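Everything quoted here is computed from the prediction, not taken from an experiment. One is the number of the first residue; the rest follow in order along the sequence.
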Amino acid sequence: MESSAIAKKLLIEYLLPMKKISLLKFLVVLVHLQCLLTCFTNKAFAQADSAKITVNSPAFIPPAVQRWDDRVMIDLQNHRTPGQTGFFMFLSKNVLYGDIGIPAGLLVGGIVSNNKEMRQNAGYVASSTAVSYGFMLLIKHLVKRPRPFVQNINITPVYRAGGTSFPSGHTSSSFATATALSAAYPKWYVIAPSFFWAGATSYSRMYLGVHYPTDVAAGLTLGVGSAAEMSFLRK
């Protein structure tokens with residue numbers, strides 16, 4: 001309730017009277033809203049974790065796909081190494097630095113250089129990531145798919161993540177950020193590292209034993225779709 005009240009206050013005071021505010025203020029508030037969504041994500045996951053969930057796979061996931069999910073997860077855990085585990089833990093724990101740091105950096109750069117296009121791109125990237133967060137939380141609440149290590153006792157995670165599993169929030173947010181940034185700056189030296197970061201972060205969720213491949217696939221689709229949906233902000 002606290003996060004909803006803060007977001008509602010910001011919407012009423014800043015986003016609704018669009019004609020009375022500058023583009024700069026709008027972008028600042030948009031990044032602020034993204035930070036709020038990020039900060040309260042863990043709280044929302046904890047609430048979802050306390051909700052009643054079934055240990056059965058969701059009805060829309062065929063048994064054959066579930067068995068494939070399980071096999072992939074067990075194969076990944078059987079091939080873990082200390083070096084890989086440390087690397088993927090680092091990526092997984094620091095995903096928010098990219099989700100928030102990239103649009104914030106664009107916004108600061110746009111202000112310092114008085115570059116309107118860069119400020120617009122900051123709003124585009126931030127809004128794409130924020131939209132993916134919102135839909136991700138909604139889908140998690142509706143589907144309530146258990147984490148792999150809850151559903152299958154043969155799956156051992158590197159750490160026990162809270163909340164539910166479908167879709168992967170790390171995947172959706174990182175791919176929303178990478179897709180939006182690549183669309184705003186379609187250069188190979190932007191696209192390549194952006195999608196390497198998003199792809200490695202997504203893989204880390206499976207490697208660490210906290211998301212099924214189908215969770216990651218859904219998160220990827222959601223992230224790319226969110227960036228495409230918000231592309232009108234670049235015009």
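A donor-acceptor pair under 3.5 Å links the side-chain atoms of Lys140 to the main chain of Pro167, judged by distance alone. In this structure, Asn94 contributes its side chain and Phe90 its backbone to a donor-acceptor pair below 3.5 Å. Here the side chain of Arg119 pairs no donor or acceptor atom with the backbone of Leu107 at under 3.5 angstrom.
Pairs passing the salt bridge (charged side-chain N to carboxylate O under 4.0 Å, His left out) check and including a residue from residues 178-199, sequence neighbours excluded, do not occur.
Rounded to the nearest 0.5 angstrom, Asn152 CG and Arg147 CZ are separated by 15.5 Å. Residue Ile139 holds its CD1 atom at 10.0 Å from OG of Ser132, rounded to the nearest 0.5 Å. For the atom pair CZ of Arg71 and CG of Asp75, the computed distance is 10.5 Å after rounding to the nearest 0.5 Å. To the nearest 0.5 Å, atom CD of residue Gln77 and atom OG1 of residue Thr85 are 11.0 Å apart. With values rounded to the nearest 0.5 angstrom, His170 atom NE2 is found 6.5 Å from Ser204 atom OG. Of the inter-residue distances, the one linking Tyr159 atom OH with Leu208 atom CG reads 6.0 Å to the nearest 0.5 angstrom.
Of the candidates Asn114, Asn115, Val108, Val108 is the only one forming a side chain to side chain contact (heavy atoms under 4.5 Å, CB included) with Val112.
Between Tyr124 and Leu106 there is no side-chain heavy-atom pair separated by less than 4.5 Å. Counting heavy atoms from C-beta outward, Ser165 and Pro148 have side chains that approach closer than 4.5 Å. Taking 4.5 Å as the limit, every side-chain heavy atom of Pro146 sits out of range of all side-chain heavy atoms of Thr164. Side chains of Ser172 and Ser226 form no contact here, defined as non-hydrogen atoms less than 4.5 Å apart. Put simply, the side chain of Met89 reaches to within 4.5 Å of the side chain of Val158, judged on heavy atoms. Side-chain contact check for Arg80 versus Gln84: every heavy-atom pair is 4.5 Å or farther apart.
Of all non-hydrogen atoms in Leu181 and Val125, the two that sit nearest each other are N-CG2, 4.0 Å. Ser202 and Ser174 make their closest contact through OG-OG, 4.1 Å (heavy atoms, listed as atom of the first residue, atom of the second, distance). Nearest heavy atom pair, residue Gly109 against residue Met118, reads C-SD, 3.4 Å. Nearest heavy-atom pair across Thr177 and Gly98 is CG2-O, 4.0 Å. Across Val131 and Glu229, no two heavy atoms sit closer than the pair CG1-OE1, 3.9 Å. Phe175 and Ala198 get closest at one heavy-atom pair: CE1-O, 3.6 Å.
Residues Leu142 and Ile61 do not share a hydrophobic cluster, clusters being chains of Ile/Leu/Val/Met/Phe/Trp/Tyr side chains in contact below 4.5 Å. Hydrophobic clustering keeps Val216 apart from Val224 (ILVMFWY residues linked when any side-chain heavy atoms are closer than 4.5 Å, directly or through intermediates). Residues Val210 and Leu220 do not share a hydrophobic cluster, clusters being chains of Ile/Leu/Val/Met/Phe/Trp/Tyr side chains in contact below 4.5 Å. Trp188 is connected to Tyr185 through a chain of hydrophobic side-chain contacts under 4.5 Å among Ile, Leu, Val, Met, Phe, Trp and Tyr, so both are in one cluster. Residues Leu222 and Phe195 are members of separate hydrophobic clusters, defined by side-chain heavy-atom contacts under 4.5 angstrom among Ile, Leu, Val, Met, Phe, Trp and Tyr.
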* **side-chain contact (heavy atoms from CB on, under 4.5 Å) between Asn154 and Asp70, worked out** => CA-CA 9 Å; Asn154 294 315; Asp70 288 333; over 6 Å; no
* Candidate pair Ser127 and Leu233, rule side-chain contact (heavy atoms from CB on, under 4.5 Å), full reasoning -> CA-CA 9 Å; Ser127 61; Leu233 292 175; 2.9 Å; yes
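Summarising the local packing, CZ of Phe135 is surrounded by 12 or fewer heavy atoms from other residues, nucleotides or ligands at distances under 6.0 Å.
No donor-acceptor contact under 3.5 angstrom links the side chains of Ser173 and Thr129, judged on distance only. If you check the side chains of Ser168 and Tyr212, you find no donor sitting under 3.5 Å from an acceptor. For the 3.5 Å distance criterion, the side chains of Arg205 and Ser92 qualify, holding a donor opposite an acceptor.
When the ring pair (Phe, Tyr, Trp, His ring centres under 6.0 Å) test is applied to Tyr203, the partners found at least two apart in sequence or on another chain are Phe88. In this structure Asp69 satisfies the salt bridge (charged side-chain N to carboxylate O under 4.0 Å, His left out) test together with Arg145, sequence neighbours excluded.
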